[in-house]
Protein chains: 2
Amino acid sequence: MKSAAKAMQAEEVAETGAHQIRDAIREAIVERRLSPGTKLSESDVGNLFNVSRTLARAALQALSYEGLVSVEKNRGAFVAYPSPDEARQIFAARRLVEPGILREAATRITPDDIGNLRELLREEGRLMSERGQTARRAEIKASGDFHLMLAEISGNAIMQRFMEELVARSSLVIALYGQSTASSCGHSEHGDIISAIEDNELDRACQLMLHHIAHIEADLDLRERKSLGLKEAFEL
Amino acid sequence: MKSAAKAMQAEEVAETGAHQIRDAIREAIVERRLSPGTKLSESDVGNLFNVSRTLARAALQALSYEGLVSVEKNRGAFVAYPSPDEARQIFAARRLVEPGILREAATRITPDDIGNLRELLREEGRLMSERGQTARRAEIKASGDFHLMLAEISGNAIMQRFMEELVARSSLVIALYGQSTASSCGHSEHGDIISAIEDNELDRACQLMLHHIAHIEADLDLRERKSLGLKEAFEL
DNA sequence: GCTCGGAGGATTGTATACGATTTTTTGCGT
DNA sequence: ACGCAAAAAATCGTATACAATCCTCCGAGC
């Protein structure tokens, strides 16, 4: 999927250096190697990648447009810490757009695409059975890639980019509010959706997608954690 | 709408200076004072706003994330010149998300909101009957604001931001491919949609929205204009 | 002992400087 | 005159420098 996506999307912005840094940090965030709230100082980022603050800053700026990083004036950049309300909005957005993307994708899907999707699924399953951090991270990415691949198949680069943003932000939300340590994305549900598409049961596929998203959301505990950094943490 | 929108959205990024510049340029693009393809050199932008290239660059960068400006490596930034295919994708995206936004908005809409919408409509109508460039520009903005206000009412800041991007890019597309010099957005159709919402006829409202978008799109001539900058322009 | 205030350090905001790349111009040769 | 090549100008890419702001910590005062 990576090469295909890059190819059709045209390289657009480039911005040489900042691009790589942005992608590297985004990947770290999505794979949850960077936790929400972590400070990303411009100097540190610059030193880490051996570039000047100029580029580090540009990368952080870019990530803030995607909602993965929040920069506070004169205070610095932090890995985004989505509020429960933001989390709800992210999933509401996904419920709103994913059925539409699915419908669009279904009208253009080729046997090749289905092959690729099933391939991705197998990979996902394989990772699920493996142990270890790296496998867990790869699994997180793979489960998101399923949704992204559908967006890619839909042929609409704009919706694809939007979905990339939503999936990435979802990863943050799950990191923050997810309860089950299990897979972030019901694996079997992905397969069911593909099957429904194959069988040309569009409406059912959409229903499954909605259920799937609701499933992910149901695993969240979206109560305001007011950090209780006050004395409440010790009283009682 | 402006103050309400600002208030609920939280100021987020700030980035002080670049923010203003970005907004100013975006407004100029959306109101079509800047034509697609116009070069926006960093120095010129900087001089124009009396800031350094650093901030000018940041603003252009930001606009490129919104798809309003395309920056080409080592060549500079230009007001985006959406291809016919891009144009189709923009409207496909709108058809995909606007009904959903409308549904969401309908469940939360208050009498106050309806009042504001009707107010906006009256303003739009007033501008339509006026002559002159400034009136035309204000009308363009007002017709877009109708869609944006619905997104705002929906209460989903993420969808709202996405719609802002789509509406802005639509303006570029219409500037490039629009045929009728008339209003870019069927004025009466907006009113019909509000009425349908008021009457609680949700499905009809969505249908009207889809027709409305199709209407706008139908006014476009999306044939590849290969600029015919060659001799073809004079042969024959 | 606690609070308030200020010096010091750290970090961001913005400007400027310099090297790299592209575009334009100029001038030579044919 | 035309075309091509090299120099000049313009513009971007990145680094560095300086100013402004914020945070920390220490000391004076109550």
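In what follows, chains are A, B, ... by sequence order, proteins preceding strands, each numbered from 1. The analysis underlying the following values was restricted to heavy atoms, covering all of them including side chains, and did not include hydrogens, waters or symmetry mates.
In the set C:dT14, D:dA15, C:dC18, the nucleotide with an atom closest to the side chain of B:Leu55 is C:dT14. When distances run from any side-chain atom of B:Ser41 to the nucleotides D:dA15, D:dC12, C:dG13, the shortest one goes to D:dC12. If you check D:dC12, C:dT16, D:dA17 against the side chain of B:Ser43, the one that comes closest is D:dC12.
Between A:Glu165 and A:Arg169 there is a salt bridge, with a side-chain nitrogen of the basic residue lying less than 4.0 Å from a carboxylate oxygen of the acidic one.
Looking at every heavy atom in both residues, B:Ala59 comes nearest to B:Ile21 through CB-CG2, 3.7 Å.
Considering CD of A:Glu66 and CD1 of A:Ile29, their distance stands at 9.0 Å, rounded to 0.5 Å. Here the CD atom belonging to B:Glu86 is positioned 11.5 Å from the CG atom belonging to B:Leu222, to the nearest 0.5 angstrom.
Following rounding to the nearest Å, B:Glu72 (CD) and D:dC12 (C1') show an atom-to-atom distance of 12 Å. Atom CZ of A:Arg57 is separated from atom P of C:dT12 by 8 Å (rounded to the nearest Å). In this structure, CG of A:Asn50 is placed 21 Å from P of D:dG13, rounded to the nearest angstrom. If you measure from atom CG of A:Asn47 to atom C1' of C:dA10, you get 14 Å, rounded to the nearest angstrom. At whole-Å resolution of the value, CD in A:Gln61 and P in C:dT11 are 19 Å apart. A straight line from CZ of A:Phe49 to P of D:dG13 spans 20 Å, rounded to a whole angstrom. Spacing between atom CD of B:Glu42 and atom C1' of D:dG13 amounts to 8 Å, rounded to whole angstrom units. Counting to the nearest Å, the C1' atom of D:dT21 and the NZ atom of A:Lys73 are 9 Å from each other.
Nearest-nucleotide positions on DNA chain D place B:Leu40 closer to the 5' end than the other of A:Asn74 and B:Leu40. In terms of position along DNA chain D, the nucleotide closest to A:Val51 lies nearer the 5' end than the nucleotide closest to the other residue of the pair A:Arg75 and A:Val51.
Listed pair A:Ser52 / D:dA15 meets the phosphate criterion, a side-chain N or O lying under 4.0 Å from OP1 or OP2.
By the 30° and 60° cut-offs, the orientation of the rings of A:His147 relative to A:His212 is parallel.
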